Amino acid sequence: MEKDFKRQIEIIESGTEDVLTKEELESRVKKAIIENKPLKVKLGLDPTAPDIHLGHAVVLNKLRQFQELGHKAILIIGDYTSRIGDPSGRSTLRPKLSEDVIEKNSKTYMEQAFKILIPEKTEVVKNSNWLHHLKFEDILNLTSRFTVARMLEREDFKKRYKSNTPIAIMEFLYPIMQAYDSVAVKADVELGGTDQKFNLLMGRELQKELGQEPQIAITMPILVGTDGVEKMSKSLGNYIGVYEPPGEIFGKIMSIPDNIIIDYFRLLTTLDYKDIEAMNDDMEKGVLNPSIAKRRLAKIIIERLYSKEEAIKAEEEFDLIFKKKEAPEKVEEYVIKQSDTPGKKIGIVELLYNSGLVSSKGEARRLIVQGGIKVDDKKVSDPDGKFNLDDLNNKILKRGKRFFRKIIVKE
RNA sequence: GGAGGGGUGCCCGAGUGGUUAAAGGGAGCAGACUGUAAAUCUGCCGGCGAAUGCCUACAGAGGUUCGAAUCCUCUUCCCUCCA
């Protein structure tokens, strides 16, 4: 356990959106240090989508910081709650998930979460453990403690109510269930995104009602996606998954707009904030090229998720493809059998289509006309062009800047 | 239970009988530019075909018509209001 009280508070509060309340946090941390008793820091994850992306990583990062300070992480898999689906920020009812989908998602979720968390310092529990056993009577008891008015204070519910968009009664139960999770694990702190504030506060209330000390609610800012506008989410396709190969992560980070680089540093790295501010200044003054900052960011993130070597390799590969415009080391192979190819000749359109580089022959034709197809670094301009198989062996077929196939000719 | 509105391409959304493979936007892809897979600009953006062409497509099924996303009938799903 980190004994330096000030340092603890500084690290815990860095990058947060809100800490409710700071006073409570301070006294709880102080007590934890004196009694050498780690705080229980709760984070609930709903395995609604099977993959974790950098948006989730923001909160996981914070949890990791807690672990590094010597506290205990309690990761709650919302296998039961995700049957309802969190209505937070939603404008419509979420579709219900089946049990085996949830089961499967949970597994991959955990694997990915441990790329960021320290496994030995993490306790993982499913909330079906306790929610499943509640009787209707218990639920009545819980629901009696909250009012409809209280629920409608929530912006998303309020909007839906006002605009006559339906709200399932079941959806009111979600925050209560999440609150009950906090009671069940006796959480000292709960983490979440800004959109979780209401739910976190419900936890505090219910804990108080049931005679526990209320948890401290810490919210983290929402990470914008690679488009620089919308919240990072899988369904919008603007996400960077923690499971993606290093090269892909590198490329995606290079593609984020310049104005969100600093936010990414703040939320996804543990760099000193002075260092980050300095970068910000330099970029504004034009001393630092944003692409350099992005390279640094990409490497830090990949190093966290994989290793230093992978980070360096990813950068090298990026330069190879985009600066030198060459093919990467590993290129997917496409094998052509001579016996399947009468006349030992193949048209470029067929070649592109068969190799899976394009999804239709029309697309192949278009790309050729637009100058997006190269064979062995030579532009192909005739859509009707044909190649001798003998000339194609080991040649690189290239579509645009990023898609390659190595052609292997076999008997 | 009653009354009404709606379901269009990956997404949003226009289109109320022919000129509609269907406006516009977003996403995506390609090209130019760039120390960037950023920004910007240009082009493409259902499938097959060398092609004047053919096929598939506007919730589903059927019908009217020379011709239907557009009109009619039934089915289905969603939404609103009244109770």
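Within every chain, numbering begins at 1; the chains are lettered A, B, ... in the order of the sequence lines, protein sequences first and strands thereafter. Not measured: the values here are computed from a predicted model.
Distance from the side chain of M254(A) is smallest for U36(B) among the nucleotides C45(B), C48(B), U36(B). Nearest nucleotide to the side chain of S255(A), out of A38(B), U34(B), G47(B): A38(B). The listed nucleotides are A37(B), A30(B), G47(B); the one nearest the side chain of L367(A) is A30(B). Checking A37(B), A38(B), A30(B) against every side-chain atom of P257(A), the shortest atom distance belongs to A38(B). Closest contact between the side chain of S360(A) and the listed nucleotides A30(B), G47(B), A38(B) involves G47(B).
I256(A) places its CD1 atom 22 Å from the P atom of U34(B), with the value rounded to the nearest Å. Atom CG of N238(A) and atom C1' of C11(B) are 14 Å apart (whole Å). Computed from coordinates, the F322(A) CZ to G31(B) P distance equals 11 Å when rounded to whole Å.
As judged by a 4.0 angstrom heavy-atom cut-off over every strand, G247(A) is placed among the base-contacting residues. Across all strands shown, G400(A) has heavy atoms under 4.0 Å from sugar-phosphate atoms exclusively, and none from any base. When heavy atoms are screened at a 4.0 angstrom cut-off, F250(A) is found touching no nucleic acid atom at all.
Comparing R399(A) and E248(A) by the nucleotide of RNA chain B that holds the closest heavy atom to each, the one mapping nearer the 5' end is R399(A). Summary of the strand contacts: V349(A) and R402(A) both lie near RNA chain B, and taking for each the nucleotide with the nearest heavy atom, the more 5' one is attributed to R402(A).
With both pairing distances under 3.5 Å, A69(B) is matched to nothing as a Watson-Crick or G-U wobble pair. Nucleotide G17(B) has no partner under the Watson-Crick or G-U criteria, as no pair reaches both atom distances under 3.5 Å. Nucleotide A3(B): paired with U80(B) (Watson-Crick or G-U wobble, both distances less than 3.5 Å). Remark: A50(B) base-pairs with no nucleotide; criterion is Watson-Crick or G-U wobble with both hydrogen-bond distances under 3.5 Å. Across all strands shown, C41(B) forms a Watson-Crick or G-U wobble pair, both distances under 3.5 Å, with G31(B).
In this structure, R402(A) pairs ionically with E248(A), as a charged nitrogen and a carboxylate oxygen lie closer than 4.0 Å. Between E277(A) and R266(A), at least one side-chain N (NZ, or NE/NH1/NH2) sits under 4.0 Å from a carboxylate O, which counts as a salt bridge. Salt bridge status for E205(A) with R150(A): present, with a side-chain N to carboxylate O gap under 4.0 Å. D377(A) has no carboxylate O lying under 4.0 Å from a charged side-chain N of K325(A), or vice versa, which leaves the two without a salt bridge. Under the 4.0 Å criterion applied to side-chain N and carboxylate O atoms, K299(A) and E303(A) are not assigned as salt-bridge partners. With respect to the salt-bridge test (charged N to carboxylate O, under 4.0 angstrom), the residues E333(A) and K406(A) do not qualify.
At a cut-off of 3.5 angstrom, counting only N and O atoms as typed in the model, there is a donor on one side and an acceptor on the other between the side-chain of Q370(A) and the base of G43(B).
The shortest distance between the side-chain N/O atoms of R365(A) and the OP1/OP2 oxygens of A50(B) is below 4.0 Å.
Heavy-atom distances under 4.0 Å link RNA chain B to N289(A), S291(A), I292(A), K294(A) of residues 288-309 of chain A, given in residue order.
With Q67(A) contributing its side chain and I118(A) its backbone, the two residues share a donor-acceptor pair below 3.5 Å. Under the 3.5 Å distance criterion, the side-chain polar atoms of K62(A) are matched with a main-chain donor or acceptor of S14(A).
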